[in-house]
Amino acid sequence: MDKEALVALSFSGAIGLTFLMLGCALEDYGVYWPLFVLIFHAISPIPYFIAKRATYDSDATSSACRELAYFFTTGIVVSAFGFPVILARVAVIKWGACGLVLAGNAVIFLTIQGFYLVFGRGDDFSWEQW
């Protein structure tokens with residue numbers, strides 16, 4: 001089950017990156033500013049990692065550190081969706097490119113969430129052992 005999930009998550013991530021690249025590299029668009037959303041994709045798991053490490057010993061269902069991590073992660077995700085809209089609004093990129101980047105963002109962030117749902121259970125085949 002987990003191997004199939006890993007293949008599906010890899011395929012989903014590739015589809016999301018394809019949307020992002022199409023939004024940048026198509027001849028009608030040709031501007032690579034939307035690639036800066038990759039920074040948001042890379043830093044979005046960091047607050048969760050920090051909170052997971054800091055609240056590892058406590059068995060509380062909710063903690064202030066975990067809630068703060070959710071808040072920062074939400075801010076990062078919203079910023080990733082807002083950045084291409086702002087670029088399109090000030091005419092740095094075209095609206096078609098904005099739509100492709102937003103579609104890529106949705107797929108990539110759903111892939112990241114799926115990774116945590118599949119591999120965050122703490123069983124023998126978890127990402128924490130990698």
Side-chain angles (χ1 to χ4, degrees):
M1 170 61 188
D2 289 330
K3 293 177 185 177
E4 292 87 11
L6 185 61
V7 170
L9 288 170
S10 300
F11 183 71
S12 175
I15 295 296
L17 287 174
T18 301
F19 278 131
L20 179 61
M21 288 298 155
L22 284 175
C24 295
L26 284 177
E27 187 176 337
D28 289 342
Y29 306 138
V31 178
Y32 290 92
W33 285 105
L35 282 180
F36 280 105
V37 298
L38 289 173
I39 296 170
F40 295 114
H41 297 158
I43 65 172
S44 65
I46 292 175
Y48 178 75
F49 289 149
I50 293 170
K52 185 82 168 173
R53 179 71 65 167
T55 60
Y56 182 71
D57 295 332
S58 68
D59 291 332
T61 58
S62 178
S63 69
C65 184
R66 191 174 304 151
E67 298 296 327
L68 185 64
Y70 292 155
F71 177 75
F72 284 143
T73 302
T74 302
I76 292 168
V77 171
V78 169
S79 297
F81 280 97
F83 182 67
V85 172
I86 291 171
L87 288 178
R89 180 78 172 102
V90 297
V92 173
I93 64 173
K94 295 183 181 179
W95 283 103
C98 178
L100 286 170
V101 173
L102 291 177
N105 276 345
V107 173
I108 290 172
F109 282 123
L110 286 174
T111 302
I112 292 170
Q113 183 183 17
F115 179 81
Y116 287 121
L117 291 175
V118 171
F119 295 105
R121 293 185 298 242
D123 57 357
D124 291 339
F125 192 67
S126 81
W127 60 271
E128 295 165 342
Q129 296 178 358
W130 294 356

ask   = What pairs of residues pass the side-chain hydrogen bond (donor to acceptor under 3.5 Å, both in side chains) test when at least one of them lies in residues 22-31, not counting sequence neighbours?
value = none
ask   = Is Glu67 close to Tyr70 at the side-chain level, that is, under 4.5 Å between some pair of heavy atoms?
value = yes
query = ring-ring contact (aromatic ring centres under 6.0 Å, His included) with Phe36: which residues, sequence neighbours excluded?
reply =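 Expected list: Trp33.
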ask   = Who pairs with Trp95 by ring-ring contact (aromatic ring centres under 6.0 Å, His included), at least two apart in sequence or on another chain?
value = none
Which heavy atom of [X] sits nearest a heavy atom of [Y], and at what distance?
X     : Y      : value
Pro34 : Val101 : CB-CG2, 3.5 Å
Ala69 : Pro47  : CB-O, 3.3 Å
Val37 : Pro84  : CG1-CD, 4.1 Å

key: All side-chain contact (heavy atoms from CB on, under 4.5 Å) counterparts of Phe81, not counting sequence neighbours   = Val77, Leu102, Asn105, Ala106, Phe109
Donor-acceptor pairs under 3.5 angstrom involving side-chain atoms of residues 17-26: please list them, not counting sequence neighbours.
residue, atom, partner, partner atom, Å
Thr18, OG1, Ala14, O, 2.7

Is there a path of hydrophobic side-chain contacts, each under 4.5 Å between heavy atoms, that joins [X] and [Y]?
X      : Y      : answer
Tyr32  : Phe40  : yes
Ile112 : Leu110 : no
Val7   : Val107 : no
Leu68  : Val78  : no
Ile76  : Ile39  : yes

request  = Could you check Ile46 against Phe72 for side chain to side chain contact (heavy atoms under 4.5 Å, CB included), going step by step and ending with a plain yes or no?
outcome  = CA-CA 9 Å; Ile46 292 175; Phe72 284 143; over 6 Å; no
query = So Phe11 and Ile15, side chain to side chain contact (heavy atoms under 4.5 Å, CB included) or not? Walk me through it.
reply = CA-CA 6 Å; Phe11 183 71; Ile15 295 296; 3.9 Å; yes
message = For a side chain to side chain contact (heavy atoms under 4.5 Å, CB included) check, start with the C-alpha distance between His41 and Leu38, then their side-chain angles and the critical distance, and finish with the verdict.
response = CA-CA 5 Å; His41 297 158; Leu38 289 173; 3.8 Å; yes
inquiry  = So, using side-chain hydrogen bond (donor to acceptor under 3.5 Å, both in side chains) as the criterion, who are the partners of Ser12 when residues are at least two apart?
reply    =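 Ser12: side-chain hydrogen bond (donor to acceptor under 3.5 Å, both in side chains) contacts with Thr111.
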